[in-house]
Amino acid sequence: QGISYDMSLYLIEKYCQKNMTILDIGCGKGAFTHRVKTQFPGSKILAVDVSPTAIKKAKEKYGGKGITFEVLDIQKEYHYVIIQFLNFDY
């Protein structure tokens, strides 16, 4: 996981803006989401996962750090994301 995380962060840094709006679909317990926020502190992040347990753990560990964690089944509730965050950069 660490290598793919590192590669993803490298690609985000190389090709994206510093202060961007990010949608993390399938964020799990929030570890990668937190790494993204740490590397891009000015970014706004909505992190979603279908698992209430994973989101609860993500909020407990990383809540209040500029990341919005929400339980969401993106296949069924994509309209929510469109309405709440109309312009994602990544």
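Values reported hereafter were calculated over all heavy atoms of this structure, with side chains retained and with hydrogens, waters and symmetry mates removed. None of the values given here were measured: they were computed from a predicted structure.
- Of all heavy-atom pairs spanning Ser8 and Phe32, the tightest one is CB-CZ, 3.7 Å.
- Contacts of Lys56 classified as salt bridge (Lys or Arg N to Asp or Glu O under 4.0 Å), with partners at least two apart in sequence or in another chain: Glu60.
- Once rounded to the nearest 0.5 Å, the distance linking NZ of Lys59 with CZ of Phe69 reads 9.5 Å.
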Side-chain donor/acceptor pairs under 3.5 Å, residues 45-53, sequence neighbours excluded:
from, atom 1, to, atom 2, distance (Å)
Asp49, OD1, Ser51, N, 2.9
Asp49, OD2, Cys27, N, 3.4
Asp49, OD2, Gly28, N, 2.8
Ser51, OG, Thr53, N, 3.4
Ser51, OG, Ala54, N, 3.1

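- Lys37 places no side-chain N or O within donor-acceptor distance of the main-chain N or O of Ile67, the cut-off being under 3.5 Å.
- Considering CD1 of Ile25 and CD of Gln75, their distance stands at 10.0 Å, rounded to 0.5 Å.
- Between Lys44 and Ile22 the shortest side-chain heavy-atom distance does not fall below 4.5 Å.
- Looking at residues two or more places apart in sequence or on another chain, you find no ring pair (Phe, Tyr, Trp, His ring centres under 6.0 Å) involving Phe40.
- Leu72 CG to Leu23 CG: the interatomic distance, rounded to the nearest 0.5 Å, is 8.5 Å.
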